[in-house]
There are 2 protein chains.
Amino acid sequence: MPRIVAERADALPALAEVFREHGYEGASLSLIGAATGLGKGSLYHFFPGGKEEMAKAVLGEIDAWFEQHVFATLREATRPEEGLAAMLDAVDGYFRSGRRVCLVGAFALGDTRDRFAREIRGYFSRWAAALCAALARGGRGAAAAAALAEEILADIQGAIVLARALDDPGAFARAVTRLRRRYEMGR
Amino acid sequence: MPRIVAERADALPALAEVFREHGYEGASLSLIGAATGLGKGSLYHFFPGGKEEMAKAVLGEIDAWFEQHVFATLREATRPEEGLAAMLDAVDGYFRSGRRVCLVGAFALGDTRDRFAREIRGYFSRWAAALCAALARGGRGAAAAAALAEEILADIQGAIVLARALDDPGAFARAVTRLRRRYEMGR
DNA sequence: GCCGTGTTGTACCGATTAGTAAAATAGTGA
DNA sequence: TCACTATTTTACTAATCGGTACAACACGGC
């Protein structure tokens with residue numbers, strides 16, 4: 001089995017960047033080819049399902065990253081506040097302190113949502129569930145924890161929108177420190 | 001001057017809906033034609049600048065609507081809490097209680113932002129400014145008012161993302177009531 | 001009725017789209 | 001070296017893209 005350097009997974013980061021910047025429809029095969037350095041032949045060799053399979057693979061990798069670095073941390077932290085602080089650190093890093101967009105959120109706003117409804121809903125609902133559980137372990141009632149989890153997620157996603165709209169990453173950074181302070185996870 | 005039924009402004013609502021659902025790139029002229037009932041000839045007669053002019057017109061109308069129903073209300077309300085309550089009512093109605101997306105926010109997340117950077121930034125910065133002023137008149141310090149205004153905007157935009165992602169308009173409705181309660185504007 | 005202007009339908013342009021097919025290349029195990 | 005297979009290049013669809021040009025149409029003033 002010829003195993004050169006090329007791996008399907010190697011193309012995923014560049015692929016993700018293209019979808020993030022141009023959206024699903026806007027990510028043309030020529031843009032994808034330029035970003036990944038792969039010709040159409042290679043792309044369809046690795047992703048026989050075309051663009052849809054590429055986007056699904058990207059969503060899968062994003063999901064796995066959050067599962068590992070965010071959801072698991074939230075679930076496993078001995079003290080819930082530590083889990084929340086770790087989540088904010090990971091999120092701040094992942095979204096490049098407001099300079100990077102949430103691909104899942106961007107997909108959710110457009111008509112692309114219907115195509116990847118399962119993946120999008122899974123990402124956010126598992127994030128909300130992990131966050132909710134951590135808040136509940138922190139002593140809050142089930143209802144309050146659920147409401148708070150939703151508010152925190154909305155704050156993060158909204159801050160990304162705002163940072164892009166105002167062209168001011170600071171809007172995202174301020175949201176993160178605001179969240180850190182509110183739940184007394186200051187650093 | 002022949003003044004039939006057709007007015008350029010008559011096409012704007014349908015036009016806005018197409019851009020909202022499909023994004024700027026995804027809003028093809030055939031989709032636009034189907035939604036407005038106008039052929040290409042008519043569209044380019046009313047909007048010689050093509051899609052870009054159509055989108056600018058839509059953004060302008062949205063801006064005017066918010067200026068009239070949200071920003072002005074925030075500025076003119078005798079008691080600031082009334083202005084905030086009126087804003088939440090207007091926003092809840094405009095976004096169809098979470099079943100409708102914010103076109104400006106959706107544009108901000110994609111590469112369409114660069115094309116309409118001025119309009120997008122203006123919309124959000126004027127909204128933030130009006131909200132900030134109302135909060136300041138309510139007795140908060142300048143810095144606290146600015147931070148709070150940003151948080152409220154992020155909460156609204158993030159709730160729209162969440163509602164779409166989870167396919168649950170309730171996520172938006174809960175955010176609105178949450179905001180109403182927090183600032184004691186219950187109804 | 002006619003004229004002029006505002007509106008619309010239609011044919012067309014070159015460019016680009018996603019995707020297919022197959023020939024050519026390159027690396028690996030024997 | 002050879003055979004086998006993974007990978008890549010290339011050429012090619014058929015459809016659609018945004019946009020242009022222009023002829024046909026509809027209406028109001030006269």
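Computed from a prediction, not measured in an experiment: that's the story for all the values here. Residue numbers start from 1 in every chain, and the chains themselves are labelled A, B, ... in the order their sequence lines are given, proteins ahead of strands.
- Contact check for A:Leu131 versus A:Val70: no side-chain heavy atoms found under the 4.5 Å cut-off.
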| field | Where protein sits on nucleotides 10-17 of chain D, one letter per nucleotide: B base, S sugar-phosphate only, - none, heavy atoms under 4.0 Å | value | -------S
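- When rounded to the nearest whole Å, the span between NE2 of A:His22 and C1' of C:dT16 equals 15 Å.
- Using a cutoff of 4.0 Å between basic side-chain nitrogens and carboxylate oxygens, B:Glu53 and B:Lys56 are not scored as salt-bridged.
- C:dG9 atom C1' lies 14 Å from atom CZ of B:Phe46, rounded to whole Å.
- Atom OH in A:Tyr24 sits about 13 Å away from atom C1' in C:dT17, given to the nearest Å.
- In summary, of the residues considered (A:Thr112, A:Val58, A:Leu31), a side-chain contact (heavy atoms from CB on, under 4.5 Å) with A:Phe19 occurs for A:Val58 alone.
- B:Leu15 has its CG atom 12 Å from the P atom of D:dG18, to the nearest Å.
- With C:dA18, D:dG19, D:dT7 as the candidates, the nucleotide lying closest to the side chain of A:Tyr44 is C:dA18.
- The separation between B:Asp10 atom CG and C:dG6 atom C1' is 15 Å, rounded to whole Å.
- Considering only heavy atoms from C-beta on, B:Leu15 comes within 4.5 Å of B:Phe47 through its side chain.
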| So B:Lys51 and B:Glu25, salt bridge (Lys or Arg N to Asp or Glu O under 4.0 Å) or not? Walk me through it. | CA-CA 9 Å; B:Lys51 266 176 75 172; B:Glu25 315 267 357; 5.5 Å; no
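- At C:dT8, none of the side-chain N or O atoms of B:His45 fall inside 4.0 Å of OP1 or OP2 (strictly under the cut-off).
- When rounded to the nearest whole Å, the span between CD1 of B:Ile32 and P of D:dG19 equals 9 Å.
- With contacts defined as side-chain heavy-atom distances shorter than 4.5 Å, the pair B:Phe172/B:Ile160 qualifies.
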